[in-house]
Structures are given as C-alpha cells and as structure tokens.
**Q** 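Have a look at the structure that comes next, please.
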Amino acid sequence: MATMVAKDKDLARLMNELIALDYDAIEAYEAAISRLKAANDKEQLTRFMADHQEHVSALTKLVRDLGETPQAKGDFKRILTKGKVVLGGLIDDESIFAAMKSNEDDTNRAYERAVQTEGVPERILTVFEKNLGDERKHREWLEQRIATMKAKHAHP
C-alpha cells in the first residue's frame with residue numbers, strides 16, 4: 001500500500017505542475033488579449049484561454065480524486081510567461097503571438113512528458129492526451145498566424 005500512496009503523490013505532483021502551468025497560460029492569455037488589436041485574434045485567444053481553464057478544472061478534479069490538494073494558482077513561471085507577453089505588447093501583435101507561441105511550446109513539452117509518464121491510469125492519461133491535443137492546436141494556430149503576419153510584412 002505504501003508504494004501506491006507514493007505513486008499517487010507523484011501523480012498528484014505531476015498534475016499540480018500542469019495545473020500551475022495552465023494557470024500561468026491563462027494569465028498570459030489575459031495579458032495578450034488585452035493588448036491585441038484585431039477582434040478575431042482576441043476571440044481565438046479567448047477560446048484557447050477557455051481550453052486552459054478546462055484543463056485546470058479537469059486536473060483539479062483528478063488531484064482531489066487522489067486525495068491530494070490541487071494547485072490553486074500559477075507558479076514562478078508566471079512572471080516569465082506574462083512578462084513575455086507584456087514586453088511583446090510594447091512592440092506589436094506579431095511579438096505578442098511570438099511570446100504566446102513560446103508559452104505554448106512550454107505547455108506542449110509539459111503535456112508530452114505527462115503523456116509519456118509510465119504507470120498513469122487510463123482515466124488520467126485520457127485527460128493528458130486531450131489537453132496535449134489542445135496545446136498542439138494552440139501552437140499550430142499561433143505558428144500559422146505568425147507566418148501570415150510575416151508574409152504581409154514581406155509583401156505589403
């Protein structure tokens with residue numbers, strides 16, 4: 001039984017790290033949305049932010065199911081993630097998208113590691129995989145949006 005408790009604690013710790021990262025992403029999205037000019041870009045980022053809020057909700061429930069206390073806020077990365085967006089906002093929308101892509105690279109890596117973790121119960125692995133799919137979708141959209149903006153600058 002002791003190994004099961006340790007395993008649950010390790011799994012809860014992993015999920016709490018993901019929750020903190022998702023909280024950080026939510027703050028970064030809030031900062032980005034408030035600085036963007038185009039309504040359609042704001043709407044898309046609002047949808048992505050909602051995905052991160054869903055991630056927090058699903059992971060919080062799973063941590064509680066393990067009898068552990070879920071993370072209630074972001075962590076030290078928050079300063080870095082929000083800072084990238086705030087600094088990017090001083091320049092232009094393309095810089096904001098580049099900062100957000102950098103943040104999404106981080107969340108993609110974290111969820112890729114989570115999906116590859118051995119011994120994760122299927123019900124938790126399913127949540128990790130769904131969240132990773134969302135993260136990949138976010139990063140792909142940001143990459144396409146940045147490419148579109150660069151193309152407009154190259155051919156005005």
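FYI, the numbering just counts along the sequence from 1. This is a predicted model, so every value here is computed, not measured.
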**Q** Return the set of residues passing ring pair (Phe, Tyr, Trp, His ring centres under 6.0 Å) with Phe97 (not counting sequence neighbours), or none when no residue passes.
**A** Trp141
**Q** Looking at every non-hydrogen atom in both residues, tell me the closest pair between Leu11 and Pro121 and how far apart they are.
**A** CD2-CD, 3.6 Å
**Q** Specify the closest pair of heavy atoms between Met100 and Ala32, including all atoms of both residues, with the distance to one decimal.
**A** SD-CB, 3.8 Å
**Q** Not counting sequence neighbours, list each pair that qualifies as a side-chain hydrogen bond (donor to acceptor under 3.5 Å, both in side chains) and has a residue in residues 115-126.
**A** none
**Q** Do you know which two heavy atoms are closest between Asn103 and Ala28, and how far apart they sit?
**A** ND2-CB, 3.4 Å
**Q** Drop me the distance from Asp134's CG to Glu104's CD, to the nearest 0.5 angstrom.
**A** 9.5 Å
**Q** Carefully, step by step, assess His52 and Glu135 under the rule side-chain contact (heavy atoms from CB on, under 4.5 Å).
**A** CA-CA 9 Å; His52 285 283; Glu135 299 306 325; 3.0 Å; yes
**Q** For a side-chain contact (heavy atoms from CB on, under 4.5 Å) check, start with the C-alpha distance between Met15 and Gln71, then their side-chain angles and the critical distance, and finish with the verdict.
**A** CA-CA 9 Å; Met15 288 190 287; Gln71 183 79 16; over 6 Å; no
**Q** Using 0.5 Å steps for rounding, measure from the CG atom of Leu45 to the NE2 atom of His138.
**A** 9.5 Å
**Q** Quick check: closest heavy atoms across Leu66 and Ala12, and the distance to 0.1 Å?
**A** CD1-N, 4.0 Å
**Q** Under 6.0 Å between ring centres, would you say that holds for Tyr111 and His55?
**A** yes
**Q** So, using side chain to side chain donor-acceptor pair (under 3.5 Å) as the criterion, who are the partners of Glu94 when residues are at least two apart?
**A** His153
**Q** How long is the straight-line distance from CD of Glu129 back to CD1 of Ile124, given to the nearest 0.5 Å?
**A** 12.5 Å
**Q** Taking only residues two or more places apart in sequence or in another chain, which ones pass side chain to side chain donor-acceptor pair (under 3.5 Å) with Lys137?
**A** Asp51
**Q** Is a donor on one side and an acceptor on the other found under 3.5 Å between the side chain of Lys42 and the backbone of Lys37?
**A** no
**Q** Provide the closest heavy-atom pair for Met49 versus Ile26 in the form atom of the first, atom of the second, distance.
**A** SD-O, 3.7 Å
**Q** Test of understanding: with side chain to side chain contact (heavy atoms under 4.5 Å, CB included), list the residues that count as partners of Glu140, not counting sequence neighbours.
**A** Gln144
**Q** Taking all non-hydrogen atoms of both residues into account, name the closest pair between Asp93 and Ala38 and its distance.
**A** OD2-N, 4.2 Å
**Q** Would you give the length of the straight line joining atom CD of Glu112 to atom OG1 of Thr107, rounded to the nearest 0.5 angstrom?
**A** 9.0 Å
**Q** How long is the straight-line distance from CG of Leu18 back to CZ of Arg13, given to the nearest 0.5 Å?
**A** 13.0 Å
**Q** Does Asp105 have any salt bridge (Lys or Arg N to Asp or Glu O under 4.0 Å) partners at least two apart in sequence or in another chain, and if so, which?
**A** Lys101, Arg139
**Q** So, applying side chain to side chain contact (heavy atoms under 4.5 Å, CB included) with Leu59, which one of Asn16, Leu14, Ile19 is it?
**A** Ile19
**Q** Are any of the side-chain nitrogens in Asp10 or Lys7 under 4.0 Å away from the carboxylate oxygens of its partner?
**A** no
**Q** Between CG of Asp22 and CG of Asn131, what distance do you get to the nearest 0.5 Å?
**A** 6.5 Å
